[in-house]
Amino acid sequence: MSILIAVKGWNPDHWIHALKAQAPDRQVVLASEAFDRDAIRYALVWKPEPGLLKSLPNLQVIFSLGAGVDHLTTDPQLPDLPVVRIVDPDLTQRMTEWVLLQVLMHHRQHFHYAAAQAAGQWRARRQWGAADVRVGVMGLGVLGLDAIRALKALGFQLRGWSRTPKVIEGVQTWAGDEGLAPFLAATDILVSLLPLTAETTGLIDARLIDGLAKDGPLGGPVLINAGRGRSQVEGDVNAALRDGRLKGASLDVFAVEPLPHDSPLWTAPNLIITPHVAAESDPVALSAYVLSQIAGHEAGAGLANLVDRKLGY
Ligand code: NDP
Ligand code: OXD
């Protein structure tokens, strides 16, 4: 009943150590080393080589080591097996920290004060209140709802948009294609926590940006994206930052990661770039999550947080 770890761009040793420390009786193997394919029952993966999972004849469950599963759904040979994604307080808390940090950077006029400091100037500006600012969250799932909970405590006006309708106390919500325009028109700071699917690919384009509210206290709309890079049209975001249609932006995710050296985004004004670190997958916390799911599965209790293969998230 071996566990296979296949991670790209992460240090696999951290995962193997965390799993072995918490489950010393389990055999844990790395995809980068020789292993017995017949023995693998569980695969813990982040961007596995296409075809790897198909080559494991006794595989029972695939665990995505991230909350997003587009790194799997793009594998045309993905076997028809349960795919479990990460839903864990540690990862959620990390994302909420990042969202709060970015919303506050723009709300509290970070770029103005950073420029003033660099020039050695004491340049106080009028500061509006959180209650004057409308923050709109796209994606009202595990991460979107927790970000809303924390933003609410700071006093922002809250808007939300999702695929299916939601009722959230203190939040004005819209759903689906027809709900997008009114949601955007009522949003000063847009936070995207959407999964990447066929429907969300390229969604954040010039048209969407131009639909955001222009009458808010910040002097123009702000885009914050920690969902997936392919949801944004990077040329459109870059152009909107340069011509002022976007007052600012914070991006953690990009169509190509690492962001290529020649991307114009590196020099776009009022843009904060972080290298896909908004909510890192912590090996210790997430090994505990995966092992408890395996224990439940083996006890016949079923699996939680299964991906809907038709919806793609
Ligand atoms: P969930 O599956 O819990 O929530 C997804 C939300 O997106 C749901 O509210 C869903 O609507 C909504 N949604 C999906 N498709 C559409 C659509 N076409 N139109 C409108 N709304 C849509 O996911 P999580 O909150 O756990 O994670 C969200 C994403 O965050 C991940 O998929 C991943 O891409 C990203 N992520 C990024 C990280 C980082 O470090 N940058 C770390 C972790 C995650 P409905 O409720 O109606 O189903
Ligand atoms: C995730 C991510 O999906 O790190 O968890 O992007």
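Positions are given from 1 along the sequence. Whatever order the structure lists ligands and atoms in, that order sets their numbers, starting from 1. Computed from a predicted structure; not experimentally measured.
- Of all atoms in ligand 2, numbered sequentially from 1 with element shown, those under 4.0 Å from a heavy atom of A67 are 1 (C), 3 (O), 5 (O).
- Heavy atoms of E280 found under 4.0 angstrom from ligand 1: none, in either backbone or side chain.
- Atom-to-atom distance recorded for L65:CG and I5:CD1 is 8.0 Å, nearest 0.5 angstrom.
- Looking at W10 against ligand 2, nothing comes within 4.0 Å, counting heavy atoms.
- The closest protein non-hydrogen atom to atom 40 (O) of ligand 1 is A279 N, 3.0 Å.
- Contact annotation for V253 and ligand 1: only side-chain heavy atoms (C-beta onward) come within less than 4.0 Å of the ligand.
- Geometrically, ligand 2 and G68 share a nitrogen or oxygen pair separated by less than 3.5 Å.
- Per-residue contacts place R228 under 4.0 angstrom from the following atoms of ligand 2 (heavy atoms of the residue considered): 1 (C), 2 (C), 3 (O), 6 (O).
- Nearest non-hydrogen protein atom to atom 48 (O) of ligand 1 is Y313 OH, 2.5 Å.
- Here the shortest heavy-atom distance to atom 32 (O) of ligand 1, taken over S64, P195, S192, belongs to P195.
- Ligand 1 has a nitrogen or oxygen under 3.5 angstrom from a nitrogen or oxygen of L143.
- With a 4.0 Å cut-off on non-hydrogen atoms, T200 touches ligand 1 through its side chain and not its backbone.
- Contact annotation: for T164 versus ligand 1, heavy atoms closer than 4.0 Å belong to both the backbone and the side chain.
- With a heavy-atom cut-off of 4.0 Å, M95 touches ligand 1 through its side chain alone.
- Taking distance alone, with nitrogen or oxygen atoms compared against 3.5 Å, H276 approaches ligand 2 more closely than that limit.
- Protein heavy atom at the shortest distance from atom 46 (O) of ligand 1 is K166 NZ, 2.7 Å.
- Considering backbone and side-chain atoms alike, G141 places an N or O below 3.5 Å from some N or O of ligand 1.
- With atom 17 (C) of ligand 1 as the reference point, the heavy atom nearest to it among R228, R163, R85 is part of R163.
- With respect to atom 13 (N) of ligand 1, the closest heavy atom belonging to the protein is L194 CD2, 3.7 Å.
- In terms of polar-atom proximity, G227 is counted as a contact of ligand 1, with an N or O under 3.5 Å from an N or O of the ligand.
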